[in-house]
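This report concerns only the one structure given below.
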Amino acid sequence: MCKTSEKAIVLVGFMGAGKSTVGRALAKLSDMPLIDLDALIVQQKGRTISAIFAEEGEAAFRKYETEALRSLSDAAPIVLATGGGIVGCPENWKIMRCLGRVIYLRANWGTLRERLAGSSGRPLASSDRSEVDIMNLLQQRIPLYEQADLIIDTDGRKVDDVVREIMVRVKD
Ligand code: S3P
């Protein structure tokens, strides 16, 4: 049973899909606060995402991710930018759907590859990971992202354009 008014906009998508960038612009335009789940985990745990992965491993990070998500259950309407791996745990889906509409920001591999090149602080897309590994991770996750309520294509589009489409489609 959902306790909230289900008014949040929850952005999901692979690393580099633009969840934080789109989230910031969407929050501004819709006059809702932005919560970045990775930033919340860093705040709650007092360590960077990379440090959590290095010191405790991915399983611990996933546990913290679900805990952080749970801590939002009673939050007011928000725009929530999630981490790319949030979709792997069924409990996360229950919480996200209770919070509001889940929106998949879809981008093709070419776009993601470009955006991830040179990025840091992402243990699952770091330079010691092969491109094939990252691409495989994307392939595994696509069917999970596709469980979202709405899918918005972002390839070759300006942030404002994507945000406008989200605003229109969440009203439908
Ligand atoms: C992850 C994505 C990251 C962060 C963590 C794990 C993933 O967030 O949560 O490094 O599993 O895809 P971004 O999608 O914001 O990069």
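Counting starts at 1 for both ligands and their atoms, in listed order. For the numbers below, each heavy atom of this structure counts, side chains included, while hydrogens, waters and symmetry mates do not.
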Can a salt bridge be assigned to the pair R97 and D149 using a cut-off of 4.0 Å between side-chain N and carboxylate O?
yes
Electrostatic pair R62-E65, nearest N-O below 4.0 angstrom:
yes
Taking salt bridge (Lys or Arg N to Asp or Glu O under 4.0 Å) as the cut-off, I'd like each qualifying pair that reaches into residues 102-122, sequence neighbours left out, listed once.
R106-D153, R113-E131
Using modelled atom types only, decide if a donor and an acceptor are shared between the side chain of W93 and the backbone of V87 within a distance under 3.5 Å.
yes
Between R157 and D161, does any side-chain N to carboxylate O distance fall below 4.0 Å?
yes
Would you call E56 and K63 a salt bridge, taking side-chain N to carboxylate O under 4.0 Å as the test?
no
For ligand 1, what is the set of protein residues having any non-hydrogen atom at a distance below 4.0 Å?
M15, K19, D38, I49, F61, R62, G83, G84, G85, R122, P123, L124, R141
